[in-house]
Number of protein chains: 4
Amino acid sequence: MPGVQVKKEEKRRAIIEAAEKLFAERGIEDVSTSDIAREARVGKGTIYVYFESKEKLLKAVASSVYSSFVKDVRESLKDSRNAEEFLDMMVERVFRNMKTRGKLLYTFHRHLKSSKKDYEGFQKDYRTALKEAYERYKEEIGATFEEFYFFTTSFFMSSYIMAGEFEPGRIKEIVKAGLKKLLS
Amino acid sequence: MPGVQVKKEEKRRAIIEAAEKLFAERGIEDVSTSDIAREARVGKGTIYVYFESKEKLLKAVASSVYSSFVKDVRESLKDSRNAEEFLDMMVERVFRNMKTRGKLLYTFHRHLKSSKKDYEGFQKDYRTALKEAYERYKEEIGATFEEFYFFTTSFFMSSYIMAGEFEPGRIKEIVKAGLKKLLS
Amino acid sequence: MPGVQVKKEEKRRAIIEAAEKLFAERGIEDVSTSDIAREARVGKGTIYVYFESKEKLLKAVASSVYSSFVKDVRESLKDSRNAEEFLDMMVERVFRNMKTRGKLLYTFHRHLKSSKKDYEGFQKDYRTALKEAYERYKEEIGATFEEFYFFTTSFFMSSYIMAGEFEPGRIKEIVKAGLKKLLS
Amino acid sequence: MPGVQVKKEEKRRAIIEAAEKLFAERGIEDVSTSDIAREARVGKGTIYVYFESKEKLLKAVASSVYSSFVKDVRESLKDSRNAEEFLDMMVERVFRNMKTRGKLLYTFHRHLKSSKKDYEGFQKDYRTALKEAYERYKEEIGATFEEFYFFTTSFFMSSYIMAGEFEPGRIKEIVKAGLKKLLS
DNA sequence: AATGAATGAGCGTTCATTCAT
DNA sequence: AATGAATGAACGCTCATTCAT
């Protein structure tokens, strides 16, 4: 019965989204499973129908967030015709999702350390996506892949962390200018 | 009775250092006040003689860590004779303390969000120190202060976060090369 | 429609048997209704079609187990021609079913305390069956019915409880010898 | 400071006694740590100051119960001058403590199966005490030690289990008469 | 009749904080 | 000032039970 399946998936999605929202707002440890259940408008027990544990839910959220970053990278690569366009598009996309995704990215980074294996899986996808972009535009980029990887990732992470200290929009310009200087 | 005063300060110091060590090792949520008391070789109740709450202790530790960053900046400024030397020295100093300080820096960042005011106090000191350096070497630095602030801070934070993904030492070189490109 | 009736009874039976098996294996508290449903190959909700609650299911299982004891007694009585033969046969039959029945018997004992009434119903059947045997062989048995009842039941219960502390088979011999001494 | 120690031990004792009482009344799984705390008039957390877990508390209670059985045996041995006196005294003592101890004995028996090691430790003490008595009065006892052990233990356990089915006092007489027949 | 997704009461346990000593 | 025994709110999680399909 496909209807049921959809409903099931809807609930799973609702829980992930609620968790994502709350983790972004308050960090991981400060969000209880009850909080997530309330936000998702499901019973406390329902979370455990879909996820074995809070930790597993966390991984599902992390996976979803990392995927969105990877998507940002891949789509930028698809739509761009040169390195400059690619960087520009990627920055635009990343900043569009910055508010929730960004915070989570680094929240997870810290937390997932304990279960390195999962984290490394997510990270590898992200790294692979960046690698593809690098390979395509290698000739235009005046940097090794390691540098390319560090510079872009560093700026994206920091953008979130320091978002509050800059006027809105200003930080994006700084990142764009910085990457242009670093990578051409 | 000055002796007592000294002793008092010693105990306070011991608690902060114990907390700093454990927070760096295991993150904030995974360290209980009992752990800190044990590490500091004081009674559990003693912590509350010196600090109103775990949160207040956290702030004291954070303050201590931020101060050390500020010290890194100021000393580099004092010892250097031009922008390049300054950046070089600052990177060296920051990386020397990276292992514990770095981890704490970003651990606090998330945690202190709830009490923005404290965080902003720490941050202002750091920003002021960087500002002084910027003013001194302004002419040699091809960037606005905002850029200067974002680039350096971004790289320092990310260095810790991504430390595990690079060979030891490699990340410092990348940072140095990056800052040279960005700031001259 | 008798076919449906049969099917219905089959499902009821399957649930009881599944519960019996699992209770014997793991005790009552360590078996969830989900476990029983899985073992019986029915849906979780189906259990509640046939039984009002886990407690009621428990009683149904208990009833089934007690019946089997009663059956052991009655069959032994039917097949025997004197007290000695009767005791011998009863012990044989009881030990044949000891592994699952025995464990359940005393598992239930504790649990059913809360609903004394049900327990007393089961027990009365068992007592009645023993009474019949006693009446038939009264003259050969050198004990009151109370003693007869206590001695036999005591040994049967304890046999299970202490099974692990004796070599297999040894306990049966001890019971036989004991009963002979006590009852002739 | 011995005063503190005494107080500490008092609280530990209070918790064990509360647990003992409730376990005897309602079995192990039906008693929550909150129930025990309430009964012992301590905070819920206090239990965990003295016992690592509910399981560990359970073992402490079991140990206390088994010890009291062992004490019953040993004291009877000390005070008696022949097998008959010994059996008589032991039965008296065991029945004196029957109400709580007896129920617990078999409640634990069931539960401790999972952590056999602990259980075997307790049981060995009990068995050893009985062995000593057996050795002293061997010549008067017309049974092997295995029989002696099974008969006495069986009757003690069953006495509790079946206590409700007999008039008060009656069961003790049956046990005495039974043991006399079995062991002389 | 049969199902299993959904639920929330209640579990065992932790830990920041208090307070009598 | 210094302590650690004592506490209970709050946690992650389980499971008997309900109910829409």
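Protein chains get the first letters and strands the later ones, always in sequence-line order, with residue 1 at the start of each.
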- Nearest non-hydrogen partners of C/A40 and C/A14, listed with the distance: CB-O, 3.7 Å
- Round to a whole Å and report the spacing from CD1 of D/I36 to P of F/dG8. 16 Å
- Note on the structure: DNA chain F nearest-nucleotide lookup for C/K44 and B/T46: closer to the 5′ end is B/T46
- Message: Around atom NZ of B/K21, are there more than 12 heavy atoms from other residues, nucleotides or ligands closer than 6.0 Å?
- Response: no
- Message: Is C/Y48 close enough to F/dT17 that one of its side-chain N or O atoms is under 4.0 Å from OP1 or OP2 there?
- Response: yes
- Strand DNA chain F in bracket notation, Watson-Crick/G-U under 3.5 Å with | for pairs to another chain: .||||||||||||||||||||
- Looking for any heavy atom pair under 4.0 Å, which part of the strands does A/S32 touch: base, sugar-phosphate only, or nothing? sugar-phosphate
- In whole angstroms, the gap separating P of E/dT7 from CZ of A/R41 amounts to 12 Å
- Note on the structure: By nearest-heavy-atom nucleotide on DNA chain E, the more 5' of B/D30 and D/D35 is D/D35
- Message: Judged by each residue's nearest nucleotide on DNA chain E, which is more toward the 5′ side, D/S53 or A/G45?
- Response: A/G45
- Message: Here's a test of your reading of the structure: between B/G43 and C/T33, which maps to the more 5' nucleotide of DNA chain F?
- Response: B/G43
- Within the pair B/K54 and E/dC15, is there a side-chain N or O less than 4.0 Å away from OP1 or OP2? no
- Item | E/dA5 phosphate, OP1 or OP2, under 4.0 Å from A/K11 side-chain N/O | no
- Task: Provide, to the nearest angstrom, the distance between the OH atom belonging to A/Y50 and the C1' atom belonging to F/dG12.
- Result: 20 Å
- Separation of atom CG in B/L57 from atom P in E/dC15, rounded to whole Å: 16 Å
- D/K59 backbone acceptor or donor facing D/S63 side chain under 3.5 Å: no
- Task: Whole angstrom is fine here: how far is it from CD in D/E29 over to P in E/dG10?
- Result: 17 Å
- Spacing of CD1 belonging to B/I15 relative to NZ belonging to B/K11, to within rounding of 0.5 Å: 8.0 Å
- Note on the structure: Between CD1 of B/I15 and C1' of E/dA16 the distance, given in whole Å, is 15 Å
- Rounding to a whole Å, what distance do you find between B/F51:CZ and E/dA16:P? 15 Å
- Task: Kindly give the heavy-atom pair with the smallest separation between D/R13 and D/S64, and that separation in Å.
- Result: NH2-OG, 3.8 Å
- Report yes or no: does D/D30 contribute a side-chain atom to a donor-acceptor pair with the main-chain N or O of D/G27 at less than 3.5 Å? no
- Message: From CD of D/E10 over to C1' of F/dA6, roughly how many Å is that when rounded to an integer?
- Response: 15 Å
- Task: Count the heavy atoms of every other residue, nucleotide or ligand shown that sit under 6.0 Å from NZ of D/K54, and state whether that count exceeds 12.
- Result: yes
